[in-house]
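The structure displayed is predicted, hence computed values, not measured ones.
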Amino acid sequence: MNLKFIKEGITSPKGFMSSGISCGIKGKNLKDLALVMSASPCNSAGVFTKNKIKSAPILVTQNHLKSKTARAIIANSGNANTCTGKKGIEDAEKMCSLVAKESGIEKDDVLVASTGIIGVKLDIDSIENSVPHLVKKLDKEGYKDASEAIMTTDTFPKTLSVKFEIQGKPAVIGVMAKGSGMIHPNMGTMLSFITTDVNISSDLLEKALRESVRISYNRISVDGDTSTNDTVLIMANGLSGNEMIEKENEDYRIFLEVLEKLNVKIAKMIAKDGEGATKLIECRALNVPSERDGEIFAKSIICSNLVKTAFFGCSANWGRILDAVGYSGGDFDINKLQVCIGSSKGNIMVFKNGEPVKFSAGEAKDILSEDEVYISLDFNSGSHNVRCWGCDLTYDYIKINGDYMS
């Protein structure tokens, strides 16, 4: 399959525009309000946090998605609008109403998301005063401002799109996301908004979204905390001109494969941008009996604070890796297990079939000095391979979260 990834994001598909402005929630001149809009109705779907405490925007968006259609997404940063009672629901609904009024679409066709501090009531007046300007600024180049407007502790915008063909027609999927801390999705504060001009039924769109989320966002962790606001939304307006995808045929499989590849790339960006992080850690669980087994082993390792701190120090302390595998709850035979660590500088085996393997500590330190490293565990017990992603744990993580009201 011929795929072309470009740094542009949610406005790359036909018919989508976006904007991002400052409305004052995060302070003067800091972008904190974003809007994405399609020129025509979209089949739409969403996946949300499994935290029992859900933000007001999630509750409103879930209700609006009962129709399985949408035209726009409005999102703010700096305030999560969570644990804010009836007022929070009213404010989330009002954000949708304000967009609908200014753009001439139905209120229920607007989805809403928020990210930021929990337990503080939203400054809805500032948003109300800003929505007219937000709508007026909608533009094809607005993806830049929009991706910045949803950031909180992120150090860089996470935006990407991919061009491909379906039924001989050019098609695009675009995405913008945010996430740096409170990242341990079960679908931190993590938001991902996806747009596409592919013509696909709402049911298959939701199926593809859930499957892609399962192997991408659900396989990352920064700090083990599942946010109250985790939201992934997708809108498909069908303007690529392909015939409607209504069956799980080859066209659906192409769409799913492209969506998975795109979401994995964004998920890795989120993991790499973990608060205070200096490196991305990829954990590969190879030759396991099932995908579930692989997820159990790999996520146990990337969630281990001892592993994360060891990799911050570029220390090949493989005992911590085996410790995390041992308490993961998964079943394995240590006498079949092989463990390697590596990066672009090479790799070394540190444990094999129940025995430690001699290696150079200096060489290991050099390998682990890269900003992207991996741990490879071969269980020699099956045919499934699973990859999960995390980051190291540094002094800066404590500095950031010791001073962040969440």
Side-chain angles (χ1 to χ4, degrees), residues 181-186 188 214-226 267-268 270-272 274-343 347-357 359 361 364-365 367-382 384-395 397-398:
M182 201 179 281
I183 305 291
H184 189 73
N186 282 316
R214 183 182 68 81
I215 67 162
S216 57
Y217 303 116
N218 280 6
R219 289 184 177 174
I220 63 173
S221 182
V222 167
D223 47 24
D225 280 323
T226 300
K268 290 171 69 174
I270 292 171
K272 189 172 184 177
E275 289 174 337
T278 65
K279 61 191 66 185
L280 173 72
I281 303 172
E282 178 175 281
C283 186
R284 307 167 182 173
L286 308 177
N287 298 310
V288 290
S290 69
E291 283 196 35
R292 179 59 182 155
D293 289 313
E295 288 180 355
I296 288 172
F297 295 133
K299 290 201 83 170
S300 183
I301 292 167
I302 64 169
C303 289
S304 166
N305 285 340
L306 289 178
V307 172
K308 290 157 71 71
T309 51
F311 274 58
F312 170 57
C314 302
S315 169
N317 192 335
W318 57 265
R320 295 181 178 183
I321 297 171
L322 263 64
D323 182 55
V325 174
Y327 65 61
S328 68
D331 187 29
F332 67 98
D333 184 348
I334 193 171
N335 293 312
K336 293 182 178 180
L337 180 61
Q338 298 178 7
V339 181
C340 293
I341 59 170
S343 70
N347 66 82
I348 53 175
M349 184 170 291
V350 296
F351 185 84
K352 182 177 181 179
N353 302 337
E355 299 283 347
V357 176
F359 61 90
K365 190 176 185 68
I367 287 172
L368 295 179
S369 67
E370 294 294 283
D371 62 2
E372 294 189 11
V373 298
Y374 65 83
I375 304 165
S376 180
L377 300 97
D378 192 337
F379 289 86
N380 291 294
S381 300
H384 294 272
N385 300 320
V386 172
R387 299 187 182 202
C388 293
W389 301 274
C391 60
D392 56 347
L393 182 59
T394 73
Y395 308 116
Y397 179 85
I398 297 173

(request) Would you kindly say whether N287 and D378 are connected by a side-chain donor-acceptor distance under 3.5 Å? (result) yes

(request) State the CG-CD distance between L377 and Q338, to the nearest 0.5 angstrom. (result) 10.5 Å

(message) Would you compute the distance between atom CG of D333 and atom CG of L337 and round it to the nearest 0.5 angstrom?
(response) 9.0 Å

(message) Are the side chains of F351 and C340 in contact, using a 4.5 Å heavy-atom criterion?
(response) no

(message) If I take atom CH2 from residue W389 and atom CD1 from residue I281, how far apart are they, to the nearest 0.5 angstrom?
(response) 14.0 Å

(request) Name the orientation class of the two ring planes belonging to F379 and F297 (parallel below 30°, tilted from 30 to 60°, perpendicular beyond 60°). (result) parallel

(message) What's the separation between atom OG1 in T309 and atom CG in L393, rounded to the nearest 0.5 Å?
(response) 6.5 Å

(message) Tell me if the OH atom of Y395 is crowded by more than 12 foreign heavy atoms within 6.0 Å.
(response) no

(request) Write down the atom of K272, the atom of A277, and the distance for their closest heavy-atom approach. (result) O-CB, 3.8 Å

(message) Does this structure show an ion pair linking K268 with E372, if we count only N-O contacts that are shorter than 4.0 Å?
(response) no

(message) Are I348 and I367 packed together at the side-chain level, in the sense that at least one heavy-atom pair is separated by less than 4.5 angstrom?
(response) yes

(request) In plain terms, say whether E295 and R219 are close enough for a salt bridge, that is, a side-chain N and a carboxylate O under 4.0 Å apart. (result) yes

(message) Would you compute the distance between atom OG of S328 and atom CG of D293 and round it to the nearest 0.5 angstrom?
(response) 9.0 Å

(request) Could you tell me which non-hydrogen atom of D392 sits nearest to which non-hydrogen atom of F311, and how far apart they are? (result) CB-C, 4.4 Å

(request) Please report the closest heavy-atom contact between S369 and C314, naming both atoms and the distance. (result) CA-SG, 3.7 Å

(request) Calculate, to the nearest 0.5 Å, the distance between atoms CZ and CZ belonging to R387 and R284 respectively. (result) 4.5 Å

